[in-house]
Amino acid sequence: MPPAIWKLPVVVILASFLLAGCWDMKEINQLAIVNLIGVDTHKNTDKQELYYQVINPKGIATQAGAPEKATVYTYRFIERLGDQFEDISPDVIPRQLFTQHYQAIVVSERYAKSGLRELLNFKEGHPERGTNVYLLVSDAPIDRIMDSFIPLEPLPGRSMRSIIENQSEMTGRISTHTRMKDLIENMETGQISVFPIITYIGEKSSENSNRLEHIQGTNGNIALLGGALFIHDRMVGKLTKDEMKWYNLLNRKHERFLETLVINGESVQVKTLNTRLMKKLELHGEELILHIQIFANTNLIFNDQKVPTTTTLFNQIEAEFNQRIQKESQRFIEDSRKKGWDVLGIQYLLHLKKGAQWKRLAEDKDRWKKVKVVISSHNKIETIGSLISPYKGE
Amino acid sequence: MLDAVLQKLSLSMDVAVYPVVSSPYKISLVYVSSIVDKNQLLQFVIRPLTEHMPCVTDDPAESFRWCNEYLPAAEKQQASSVQACVEGILAGKCLIAIDGLSTCLLLDTAKFPTRAISEPTAETSIRGPQEGFTEELEINISLIRKRLRDPRLHFEKIIIGHTTKTTSSVVYISSIAADETVDKICSRLRSIQTDSVLESSYLEEWLQETIWSPFPTLLNTERPDVVTAHLLEGKVAILTEGTPTAILAPMTFFQMFVTPEDYYQRAEFATLLRWLRILSFLLAVFTPGLYISIVSFNQELLPTPLLISLAAQREGVPFPAFLEALLMMTIFEVLREAGLRMPRIAGQAISIVGALVVGEAAVAAGLVSTGMVIVVSVTAIANFVAPNYSFGISQRIIQFLFLFLAGFIGLFGLLCGFLLLLIHLVSLDSFGTAYFAPLAPTVLSDWKDTLVRAPKKWMHTMPRIFRPKRKVR
Amino acid sequence: MESKSITAWQMFLLVFSYTLGTAIFLRPGELIFTTKQDAWLVPLWCGLAGTVLAIFWLLLARKFHGQSIVQICLTVLGKKAGTLFGLLYAWYFIHLSSWVVRNLGDFMSATIMPRTPITAFHLLFLLVCTYAVIQGIRTIGRVSEFLTPLIFLTFSLVWITRGGDWNFERFLPVFELNLWKSIIENRQMLAFPFMETSAFLMIFPLVHDGKYVKPFLKGVVLSSLTLSLVTFLTIGILGVVRASHLTYPLFTIAKEIDFGNFIQHVEATTTMFWIFAIFVKLTVSFYCATLALCQLFHIQQRGVVAFPLIWLIAGIALSDHANVVEMMDWDHKYDFAYQLLYSLFIPLLLIAVSWVRRNHVRHGSEESV
Amino acid sequence: MTMLVLIYAAVTFLPMHVFARRGYEKGEIILFFILSTLGLFVWLSILLKHPFSPDTIVAWTIDRFFDLLP
């Protein structure tokens, strides 16, 4: 057993370490926990307006029954994004910025149109600022969104996040793949990406926390408007909620899909449980054809038919559902083609193909305009609600 | 001869000289009254000498020969040298000295005051035998003999300590225990140069190879059934005179999580309990360090709601997290020590109740955050789960080491602490068996009894790490 | 202390985590940057070349049974030249350890603890390594036996939780790389994880009764497979775009774990488990450096040599390069040539000299050694 | 600068004193001294702002003598 020769100098080194103190030590109550970040261009200068919504811990952790206190504070900076950002925050915020747990980032339409590349580099650059966060575009002036309290949810950042997650769970109009890192990937490969647009209902932002006493739920609140379409890192257009639904279906973004059909005069609502979508790009002679096949098991949520529900009715519903999907998606593809948006990402599919012939086709930038799209869909109704045959009413 | 012996014994209060016959030559008895069985002495020595001794002949040798034959004592011994006589008297024997003769007769009438066999205090178990060892070596040996009626059970006698001369016995089953382990232990015991051995822990320190290790490489226990179980697995036990605790060697790290109850309960219940003990070891060692490094270095590990509530809690706390933890833990240690020193009944309760009361008061006074009190009391309670008390102490030492490292450089310090601990554990070995045996030098067949307590039906092979002679149980 | 030996299974684990140590953090990003979505093929043929080198070293070790590379230099080249080449090897191992330590320091300060100077990490980590080195190879073998399953477990957990973002389209178009250009471009991949296993030339004699051939080969082959698997998974989850621009793609994968909205931001703890691999790598290279010096100057106490080396290695790690980019650039240009000297030229020289000397002896011309 | 020399003294002369008292061979103590002085030189080169970087030396030699691969 070698004598403990390493003990003596070790004590010297460790002692000198302990005296030197700890560099990375930051107490919990020295942290300004950021929950929501907003970015907007500052009038016509090249600076940006940055909004940091910081949580007030005492405001949230109050026991039940205590009067509602301000749960968040918004700090506004006017500064160029990239340079010396670290040192301007301490001018105003007395604590160290802790941006690792922020829930969402809201970008104004103006800023989105001018390109987000700088913001993405800024966010990915430092490990403390992540890009695994939902990106939202706001068409209302951004200070109205950042400066208002939201009923029911103490933290506005969390409310935006739950809007997106619930919406994608229930209706499938928004997919959860709308994070900043998805924009990064699509930006480089030239694909299209769609991010939710939110707006503020009401004229004035409700700055005061006693707004939470009012019974009014909808006005003075954030609401989902539609989708913002991005090519590379610029916002180029808007999609309505309805178009968003088709976009998500055709790009395998989500498994949920909701559709109301009218069969022999009465409405029927069908919701898909899991949709599987196959995209195959084929070359027939000189002609490029994109085959899209959709398979779905559906759930009949609302059935207002006067006719007794029999399998024939089901077949009828399924046929109508398939037919509606083919017609509507063709219409959606035509509209977007007119506006010059490669919604199906055909250019990207071309790029993925192997072989010299495909390479030649991929060179021509708007080859995707001349591609014929064939859509076929098959679905099967699996579950119905608790009404086996709806009431007739007479 | 008699005078020389008395002069050597320096006439302490309890040395008695009793002249039996005084006519032609003096025959006298010398004994230590405190450690001699009086009525046995009266009945078997004094009465026959005074009444039945035939005519007193004037030849001392004749009467000596008579005493030698007719005195009905269990063990007679002739002692010629003064030293032997003195040793005999001090060992509780009574000496018959006849004038004019150089040899004397020693009769064994020793009766040391002993305690009755009672329940072991440290290691209680709900089910299983309730008898524990006592201070008397013979009684302890009988307790083991009672359980192991096997001719190959050996008790080797070794006398240690040149003033106390405590007899300690090395117990092993020769058909199972590995020979080199037994030889190593016996040679090491024989090589001990000390004057006194009052408790088996003296031997423990001599037997331990590494001096600077907080981890005990020998298991101490007061229960004969534990000793028998380990003997059957090829280990060696060391019983010492005057202490109820026996030492068991060789021992691995994972034996510390084994309690005798594991083998008396059902298999799956025992396995879950064993995992609970391992978890509580990890809790006891890592929670303070982890809490400090999360609260003051990488806060992002906490989920957001917890982070917010912790921030709200720590709003008014004056100390940084590291100092606060140090303060609370020293208070807990003080309270625990106070609990131990109190009389047995109040002891354990005081330390827990005191801790929580002090904790609450500190929180009310705003000195400490509630989260810290929870963390420190969880560590303290998890520390009590360790079945072996000396293992509990080593946990407390490591707790503080990890706290300092985490307080100094956060998670990285904790990582280095864990690595130092692992290297230290892995480099230890107790009597030829690797200390971290079934895991570090992986011996898969032994996993069934360390990490998991397999049901009896499957346990038909012996643990291989102790190199037993017999492979099948 | 060398009498203590390690078992074949421990040897395999040592080789496995030694090769994967820092390579798993640094290599996938660079590979994806150069050979886009076919990056996972490169480690395969690097492993192939590595195995060829491994077989060459095994032959050398078989020829001089029971001797480490330093002792071989002494026996073959005699006292003076032998010590010179032995010192060269000792310097190589010291240089290796300083790279490993520097990579660790950069990783820690770039990801988890940005404000701590990297020397703090270096000194503390080297202290732990010295304690392991002083305890001997048996302890190092057992430590790796306990740690490697932990590392593997954490890896598989991370990949499972990140399954959600998997997307096969990121691999198309497949097999587009032209082999020769990618070999030239990624030659530093051959040098960094695979030529460094020449350090095991020091550890071959320490394996229990000479069973070092199979575990060593298995270790090299399996680690190259794991490297290619990791690159494959990085491309699948992060995508070629992000993976090629990130300094530590593995860290970003751990950072973005989001399992049921509760297990988030666990990157700090997961990377702590991966640092065990770096610990094993550093301990092995540090042990080889100490052993080389001890065998050169016939020293029994490893502590006497190990302890000043902390001081030296931490210094070299700091003074070697200013930043990560400079280091990667040097690594790309010179690493292959530099390590070729130790892994190929010197062993070849040793074999040649020993062959020439045996001819002299057989032809009866006595040559004083 | 003085802090460095102080630590150097603590790290080399204290242990050397212990080794001498413990009766180690001459060779061991000398090697210990050489290694820790080497360490001192490296740290001095860092403090004096032109760091001793073995990699640049290797790069220089490779460029001059053997130009192996592009």
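Protein chains get the first letters and strands the later ones, always in sequence-line order, with residue 1 at the start of each.
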Inset, instruction - Evaluate the salt bridge (charged side-chain N to carboxylate O under 4.0 Å, His left out) criterion for residues Arg27(C) and Asp331(C): first the C-alpha distance (whole Å), next the side-chain angles of each, then the deciding distance (0.1 Å), finally the verdict. - result: CA-CA 11 Å; Arg27(C) 278 309 175 219; Asp331(C) 181 72; 2.9 Å; yes

Inset, instruction - Output, in order, the C-alpha distance, side-chain angles, deciding distance and verdict of side chain to side chain contact (heavy atoms under 4.5 Å, CB included) for Asp320(C) and Met327(C). - result: CA-CA 8 Å; Asp320(C) 215 352; Met327(C) 186 164 190; 5.7 Å; no

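Across every non-hydrogen atom of Ser343(C) and Trp57(C), the tightest pair is O-NE1, 2.9 Å. Heavy-atom minimum distance, Ser97(C) versus Phe286(C): OG-N, 3.8 Å.
For a residue to count as touching a neighbouring chain, one of its non-hydrogen atoms must lie under 4.5 Å from one of that chain's; by this rule Tyr338(C) touches chain D with backbone and side chain alike. Contacts between Ala314(C) and chain D at a heavy-atom distance below 4.5 Å involve backbone atoms as well as side-chain atoms. Heavy-atom distances place both the backbone and the side chain of Leu38(D) under 4.5 Å from chain C. Both the backbone and the side chain of Tyr8(D) have a heavy atom closer than 4.5 Å to some heavy atom of chain C. For Leu309(C), the part sitting under 4.5 Å from any heavy atom of chain D is the side chain, from C-beta outward, and nothing else.
With sequence neighbours left out, Thr247(C) forms a side-chain contact (heavy atoms from CB on, under 4.5 Å) with no residue at all.
If you tally non-hydrogen atom pairs under 4.5 Å between each of Ser53(D), Pro51(D), Ser45(D) and chain C, the highest count goes to Ser53(D). When each of Phe33(D), Trp43(D), Phe41(D) is checked for heavy-atom pairs under 4.5 Å with chain C, Trp43(D) comes out on top. Of the listed residues (Asp55(D), Ile46(D), Thr61(D)), the one with the most heavy-atom contacts under 4.5 Å to chain C is Asp55(D). Per-residue heavy-atom pair counts under 4.5 Å with chain D were compared for Ser98(C), Cys294(C), Ser319(C), and the maximum is reached by Ser319(C).
Annotation: cation-pi pair Lys26(D)/Tyr24(D) absent, no NZ/CZ under 6.0 Å from the ring centroid and within 45° of its normal.
When only modelled atom types and interatomic distance are considered, Glu25(D) and Gln300(C) share no side-chain donor-acceptor pair under 3.5 Å.
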